[in-house]
Amino acid sequence: MTGTIALIGFGEAGSTFASAAQWAARAVAYDVAAERGPVIAQWGVTPCDSAGQAVSGASLILSLVTADQALDVARQCAGLIAPDAIFCDMNSVAPGTKREAARYFVDAGARYVDVAVMAPVNPARMAVPLAIAGPDAADADRLLQYAGFTRTEIVGDAIGRASAIKLVRSVMVKGLEALTAEMMLAAYAEDVADAVLASLDASEKTISWTERADYNLDRMLVHGRRRAAEMAEAARMLRDLGITPLMTDGTVRRQQVLGNLSIHPSPDGLPGKLAAINALSREES
C-alpha cells in the first residue's frame, strides 16, 4: 500500500483504531466535529479540513461515521478517491443503504466495499471481527490485513451481504438490550428487581442476569443514540424485506430514550444505573 490511510469520522472506532495500529504516522482523518482536530493530532494522525482533503492520495479509506451520515459521506467521496483506492464503508446501515452508496462509486468508476464491524471495537481493537463483501472484497481484505486488522472474513461478492449479517444479528442483540431496559425499569418501579433476576438466573446460568442487565443498560446509556440509528437501519432492512419491524421500531425508541439521557459516564453497578435513569426520566416527564 503506497498511499495514506484515510479515516472519515474520528469517534470511538476511528480513535480506537488509530491508537491501536502502527500506521498513525501515515494516516489522515477528517471529522465533521471541528473540535476533534486536536484529538486526531493527539494520536499522531494528520487532521484534515475536509473529506476531500482526507481521501486525496489515500489507498484505503475507512468510513466510520454515524449511520445517518453514511450515505452522504459516500456521495461526497465517490468522485474524489483515486481509481485504485478502496472505500470501506464500515458503518452500521441497512443493506439497501450500502447498495445505494455503492452506486455512487460505480457511477464514478471507483471501488466501494461493504464492511461490517461485528463486535464492539473496545476492547477488541484491531482484533475486532470484520465481515467484508463486494466485488473488490479480496483487495479490501488484503489492505485491511496490511493495516493491522487480524480478524477479517470475506462473506461474499454482493454489496449489502456483510451489512445484512450484522443487522440481522443486531435485531436480536440490541432488541435484548431494549427488552432488558424495559424489564429492569418495571422491576425497579415495583421493587422486585432481585426476585426477577434471581428467577431468570435459576433458568439460565451462563452469565448472571444481574451482570447481563448491568451490561445491557451500560451499552444503551453510553451508545444509545448511535445504536438507535443503527436499529433504524435494521428496521429499514426489515421493511425492504416486506417484514413489519414491530419489535425493532420499539428497540429504536428505547435505545434513543436512554441514549438521550446523556448519563456519562455510566454509573457503576445496576442499582446506580437504574436510580440515575429513574431520576432523569422523572425530571423530563
Side-chain angles (χ1 to χ4, degrees), residues 12 16 67 92 116-125 127-131 151 153 163-235 237-238 241 243-285:
E12 181 186 19
T16 297
S92 295
V117 181
M118 298 301 295
V121 297
N122 283 311
R125 297 163 67 114
V128 69
L130 302 179
R151 295 181 63 191
E153 179 185 7
S163 182
I165 294 169
K166 165 74 180 280
L167 287 189
V168 170
R169 178 180 179 274
S170 289
V171 168
M172 175 60 73
V173 174
K174 275 70 171 185
L176 279 175
E177 290 177 355
L179 287 172
T180 299
E182 202 151 288
M183 173 186 73
M184 290 310 305
L185 290 170
Y188 181 85
E190 289 288 355
D191 194 24
V192 294
D194 290 344
V196 168
L197 294 169
S199 176
L200 288 168
D201 280 337
S203 60
E204 185 175 359
K205 284 291 186 181
T206 305
I207 177 176
S208 78
W209 270 91
T210 299
E211 293 173 285
R212 180 177 299 181
D214 184 49
Y215 176 80
N216 284 353
L217 287 176
D218 185 79
R219 302 305 296 174
M220 298 174 73
L221 291 173
V222 176
H223 302 293
R225 283 179 287 194
R226 176 166 60 79
R227 292 163 106 76
E230 175 183 328
M231 293 313 293
E233 290 291 322
M237 173 189 67
L238 293 171
L241 294 170
I243 300 169
T244 303
L246 298 176
M247 293 292 289
T248 303
D249 279 342
T251 296
V252 172
R253 292 193 292 274
R254 181 62 67 190
Q255 293 273 1
Q256 188 73 50
V257 165
L258 290 191
N260 283 346
L261 293 178
S262 298
I263 300 175
H264 300 300
S266 175
D268 288 334
L270 183 58
K273 291 178 177 63
L274 289 168
I277 293 169
N278 186 64
L280 283 177
S281 296
R282 288 182 180 277
E283 287 178 11
E284 293 191 356
S285 62

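Just so you know, residue 1 is the first one in the sequence shown, and it goes up from there.
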Contacts of [X] that satisfy side-chain hydrogen bond (donor to acceptor under 3.5 Å, both in side chains) - sequence neighbours left out:
{"X": "T210", "answer": "none"}
{"X": "E153", "answer": "none"}
{"X": "D201", "answer": "none"}
{"X": "S262", "answer": "R225"}

Sequence neighbours excluded, which residues qualify as side chain to side chain contact (heavy atoms under 4.5 Å, CB included) partners of [X]?
{"X": "L176", "answer": "M172"}
{"X": "A164", "answer": "P95"}
{"X": "R125", "answer": "T16, S19, A20, N122"}
{"X": "P129", "answer": "M118, A119, R151"}

Quiz item: Any side-chain heavy atom of M237 within less than 4.5 Å of one from T248?
Solution: no
Quiz item: Can you find a pair of side-chain heavy atoms, one from Q256 and one from M231, that are under 4.5 Å apart?
Solution: no
Exercise. Show the numbers, then the answer: is there a side-chain contact (heavy atoms from CB on, under 4.5 Å) between M183 and L200?
Key: CA-CA 12 Å; M183 173 186 73; L200 288 168; 3.6 Å; yes
If the condition is salt bridge (charged side-chain N to carboxylate O under 4.0 Å, His left out), which residues does [X] pass it with, not counting sequence neighbours?
{"X": "R219", "value": "none"}
{"X": "K166", "value": "none"}
{"X": "E211", "value": "none"}

Quiz prompt | Among R212, Q255, H223, side-chain hydrogen bond (donor to acceptor under 3.5 Å, both in side chains) partner for E177 | solution = Q255
Quiz item: CD/E182 to CG/L258 distance, rounded to the nearest 0.5 angstrom?
Solution: 10.0 Å
Self-check item: Distance, nearest 0.5 Å, that separates CG of N278 from CG of L274
Solution: 8.5 Å
Enumerate, atom names and distances included, each donor-acceptor pair closer than 3.5 Å involving a side-chain atom of residues 185-192, sequence neighbours excluded.
none

Practice problem: Over all heavy atoms of both residues, which pair between G269 and D214 is shortest? Give the atoms and the distance, please. | Solution: C-OD1, 3.3 Å
Exercise. Please step through side-chain contact (heavy atoms from CB on, under 4.5 Å) for the pair L221 and I277, ending with a clear verdict.
Key: CA-CA 9 Å; L221 291 173; I277 293 169; 3.9 Å; yes
